[in-house]
Each structure stands twice: as structure tokens, then as C-alpha cells.
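Computed over heavy atoms, backbone and side chain alike; hydrogens, waters and symmetry mates excluded. Computed from a predicted structure; not experimentally measured.
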Amino acid sequence: MDRLILYGSGKRCKVLCKILQWGEVEILAILDSNPVRWGKKVGGNWVESPKKIEDYHDAAICITVSDISAVKEIRKNLHQMYGYDLKKEIGYYKIILEIYKKRYKITQKMQPHIHNFNKQDTIIFDCYNGLGLGGVETWTINLCEALLRKGDRAAYIISDNGVYHVPDAIKKNIINVDIDHYNQFSLNTIDKLVEVIIKKLPCKVITCTTNEVMLAACLVKRYCPDMIQIISVIHNSNEKVYKDYMDLRECSDIYIGVSQDIKNDMIYRGVEPEKIYSMTCPFFCERNLERVYTENYSMPIRIGYAGRMDGMLHSQKRMDLFLKTIEVLVEKNVCFDLEFAGDGPARHRMEETISANRWDDRVHFLGTLERSKMPNFWKEKDICLNLADYEGRSISIIEAMGSGAVPIVTSTSGVREDIKDNVNGYIIPLGDYNAAATKIQYLEANRWRLRDLGKEAHDVVYPKSLMEPHIAFWEKILWKK
């Protein structure tokens, strides 16, 4: 891999340009489907038309575009329009791994610690992007704290240098690393993470995405394979996520999907069944459900959404579908009140649309709520609405069910493990906002069903909420050789 073509001139292309330069790989061309980008420079290279591929039929290519639907179209055009052999394509993460394997030297970093390794395995959790209020971060904090309370092994969390609220019990076990979030996979960041991992050997590194922590652990593993194990917890299910993990397949010793769907999908893609497990992340849920529903027809039925507002069309959470659902509900004269708990880049546009249509009296934005406030948020809601295009297994949905809110959600990964249609909620096709509006309209007109559906929702997820069986599951994983 001495010469390479890059397709796409966005953020990931810029990352690769820096790494390829360090790795002494020649960039033959940068191609882009958007004519507006042609003639501009990225990393010292001109951006050109895809037609340029005809000059380099024997060269390998990396499609740096992250949008899966766009990647499918790019591959189709490369093959059908330009006759390019797609077998020469190399994955984004595969390239990064190969360059670091070739150029990164770890021997000198190991020498000062060679006689000072720990007597037993240390557990290192990856929260590389910080310890904010997301579901992954909350799960990591709770599991780390539970393992520390058992006292069997030392457990730590790698995080950035942000200021976060964490339990007192784990404050001394947070390893703050000065991470350069603006230069992904930078040599400086990898150096710091490698040193952290070396000091904790022997260890088991639990990663939650394909990132610098996984790469650093993989580099250490190449030098001392018997002293480190990488456990990859897959929290999301879509083609991009799966491909990224398969690019870094040699790094992971064990995979854990947060749904059975993820486990099956990874086996289908070639992961050995004995190397992958599935789990449910524990969450707060009271043993006995005590709450009230909006059974008074003079009051609006209460709907909630909790999570990131990441974008509109082509985003994961599909906030554009919420706007369309609201429009249909208004047209149908459904009496409803919808509250959004969360934040993100789509919020401002949503607020503008809500205001322009004078829906302010029906739709409200609460911003990001503390995790401790989420049970009460959901207890005040009759319905949990989620219209995402993909999930791993939404902790927000099962938290809502635990508080008795009736889920109306799209058919994403894991939902069928918790929801039986028309028994404890409703599963609708991806993108079908009309179906969502129809279900809401039905429940608004038949409020007597809320109590039965909500109780069934709670009763199904309560046993899955408990930390004790989750700890037992992880003890088996962590003791596995």
C-alpha cells in the first residue's frame, strides 16, 4: 500500500491525508462527486472528478465518505461508469491500522515498565469522548463502580480532560488524557493512550467504538499479545458501524452486542460465534409500577422523546420525521403535548419550524436533563416516541418502558427483544411517520389502553434492568481467557 486514491474530500479524507503523509504513502488523487469541490486543495492535493479513476485502474482506493447510502452509490458508479474493480477498495480504519502497524514503534515505551507490571488484570473502560450524560457513558460509569465495589479487580475509565459529574466512588479511577479531538488518530494522542495502557498491563480494555483507544490497545497487543485483551462492546447497528469493526477485526478478542440483532449481524459478517455475546444494559426501574395516565379526554395525551437531536434526513435520529408526525397530528386534530429532552444540532431548526407553524403550545424543548431526572420525565409521559433509522438498543426506550410509557418506535435493532406489537407497545416501519401518527391517534382516542400497555411494558423490562445479573455476565467475560 504505497499508493492510494481517496474518494471524498471531507473530514475523514483530511484525517487520512495527515496519516498517509506520516506513513509515506503517496496519494495519487482525491476524488469527489460534488463538482463544487473540484479544483480545491485538501492536504496539499487537488480534488478532482471521479472520472480521474480511469487513469489509476490498478491503484487501491479508500472511500472516506461516512454516509452509507452515498457509499453504495459511489461504489455502483465506480464499477458501472468507470469499470473500477471494487476488490481493490481498502477500508478507512484498515488503512489507519496498517500504517500504525508499519511505522509505530512501541519497544522503547515498553522498556521502563517491563519489570513493573501489575500482578493481576486491570480493567480499562473507554470513554474517550468524555463522561457526559449519554447512555454509553452512564452504563460505563455504573459498571465500573459496581466492579470496584466488588473489589475483585482494579477498574479505570479513560476519559478526556472535561469536567464531569461522576460518583465519588470512582473519581480516583478516572484516567484523564489530554486528547486532541480536532485531529483524529493523531500520533500525539496515540502516544498518550499507549503509555496509559502499558502502565496498566496486564489488562482488559473495554472499548465502545472504533477509535484511538482501540488502536492504541491493538498496538500494545502486537508487542505483548498475552498481556492484553480487547473487548469490543457494539452499541449501534448499521452498515458503517459493522464495516468499521470488520476493518479492525484483528484488534478485538471478544465482541458484545447490546442486542441479539447485533450479535447475529456480526456473525453473518464473519465473526466466529464463540467470540460474540449479547447483553442488555441495566437501567433504573422500580420493581412496582406506580403512576397515572392521562385518561381525562379534556387533557392532551403526553408524548416524550429523550435523546440526541442529531439531524434531519440521513441522520440517525431523524428529527425531520418528528416534524412530519407533528404536522399529521395537528391535521387530524389529535389532542397532544410533546416534550423533547435532549439537545443537538437539529434543535434550533426544529424550534424555528415549531414556532413558524405556531405549534409552541403543543411542543416543548426541555434541553438536556440529568440522568436522575429521567424516571420522572417518563412517568409524566403516556407515550415514548422514537423514529430513528437505526439504534443499537435504545436505552431511552427501555427506560421509558420501565416507567410505564407506551413505546411507539421504529423497527430498529433490539426492539423486538422488548416490545411485542399491540401487547406492550407498537413497532412501526422505518420512516413511516404516518404510522406513528395513526398509533398516537388511536391511543388518544382509546386512553383506557394506556394502563394495560404501560404495565406490560414495565413488567417485560424490569428483570432486564437489574445490575446483579449484568455483573455476573461481565464476571464470566472478564475471567474468560
Side-chain angles (χ1 to χ4, degrees), residues 1-103 184-185 210 215 236-252 265-271 311 313-316 389-390 430-431:
M1 192 181 64
D2 298 322
R3 305 160 79 233
L4 190 67
I5 299 168
L6 304 182
Y7 199 117
S9 56
K11 181 179 178 180
R12 300 217 300 183
C13 175
K14 294 174 184 176
V15 170
L16 276 190
C17 283
K18 292 181 181 179
I19 294 174
L20 291 171
Q21 184 178 27
W22 173 63
E24 298 180 349
V25 175
E26 180 186 1
I27 299 174
L28 296 173
I30 295 178
L31 313 179
D32 201 294
S33 306
N34 185 356
V36 175
R37 306 301 302 271
W38 300 348
K40 296 184 178 180
K41 271 194 170 184
V42 175
N45 301 275
W46 296 106
V47 180
E48 302 178 79
S49 161
K51 186 175 175 59
K52 188 69 174 177
I53 193 72
E54 293 177 342
D55 296 341
Y56 302 107
H57 268 206
D58 294 330
I61 192 169
C62 175
I63 301 174
T64 67
V65 179
S66 58
D67 185 333
I68 289 297
S69 59
V71 170
K72 289 180 180 178
E73 189 66 23
I74 289 168
R75 288 190 181 123
K76 177 182 174 183
N77 290 339
L78 284 173
H79 180 63
Q80 294 185 357
M81 294 179 63
Y82 305 111
Y84 183 78
D85 182 3
L86 293 175
K87 292 179 181 179
K88 297 185 179 71
E89 182 185 349
I90 304 177
Y92 172 76
Y93 285 100
K94 184 68 173 175
I95 290 171
I96 294 171
L97 176 60
E98 290 303 317
I99 288 178
Y100 265 96
K101 282 166 56 178
K102 180 180 178 181
R103 295 298 311 276
Q184 192 180 33
F185 291 101
T210 48
L215 177 59
N236 234 324
S237 68
N238 66 29
E239 287 301 323
K240 176 186 176 299
V241 170
Y242 294 146
K243 185 180 185 306
D244 292 345
Y245 273 104
M246 296 310 288
D247 276 355
L248 296 175
R249 182 173 177 175
E250 69 180 81
C251 297
S252 301
D265 288 345
M266 290 297 285
I267 291 173
Y268 174 77
R269 283 159 179 79
V271 172
L313 187 66
H314 302 309
S315 71
Q316 177 186 351
D389 271 355
Y390 59 91
L430 297 178

- Message: Atom NZ of residue position K18 - does it have more than 12 heavy atoms of other residues, nucleotides or ligands inside 6.0 Å?
- Response: no
- With the side chain counted from C-beta on, respond yes when P50 and N77 share a heavy-atom pair under 4.5 Å apart, and no when they do not. no
- Using a strict cut-off of less than 4.0 Å between a Lys/Arg side-chain nitrogen and an Asp/Glu carboxylate oxygen, indicate whether E239 and K72 qualify as a salt bridge. no
- With no hydrogens and no angle check, is any side-chain donor or acceptor of T64 less than 3.5 Å from a backbone partner on G8? yes
- Item | Atom pair CG (L78) and OH (Y7), whose distance is rounded to the nearest 0.5 Å | 5.5 Å
- Message: Does atom NZ (K11) have a neighbourhood of more than 12 heavy atoms from anything else shown, all under 6.0 Å?
- Response: no
- Query: Within the side chain of N34, is there an N or O that forms a donor-acceptor pair under 3.5 Å with the backbone of D32?
  - Reply: no
- What's the spacing between R75 CZ and L86 CG if we round to 0.5 Å? 7.5 Å
- Do Y93 side-chain atoms and T210 backbone N/O form a donor-acceptor pair below 3.5 Å? yes
- Would you find a donor on one side and an acceptor on the other, under 3.5 Å apart, between the side chain of R37 and the backbone of S9? yes
- Note on the structure: The reported gap from CD1 in I63 to CD1 in I90 (rounded to nearest 0.5 angstrom) is 11.5 Å
- Query: Do the side chains of K40 and V42 get nearer than 4.5 Å, heavy atoms only?
  - Reply: no
- State whether the side chain of R103 and the backbone N or O of W22 hold a donor-acceptor pair below 3.5 Å, judged by distance alone. yes
- Query: Taking Y100 for the side chain and F185 for the main chain, is one N or O donor matched with an acceptor at less than 3.5 Å?
  - Reply: yes
- From the list N238, N236, D389, side-chain contact (heavy atoms from CB on, under 4.5 Å) partner of Q316 resolves to N236
- Could you tell me whether a side-chain N or O of R249 sits under 3.5 Å from a main-chain N or O of G270, the two making a donor and an acceptor? yes
- Message: Any side-chain to backbone donor/acceptor pair from H57 onto D85? Under 3.5 Å, distance only.
- Response: no
- Does any non-hydrogen side-chain atom of K94 lie less than 4.5 Å from one of E250? yes
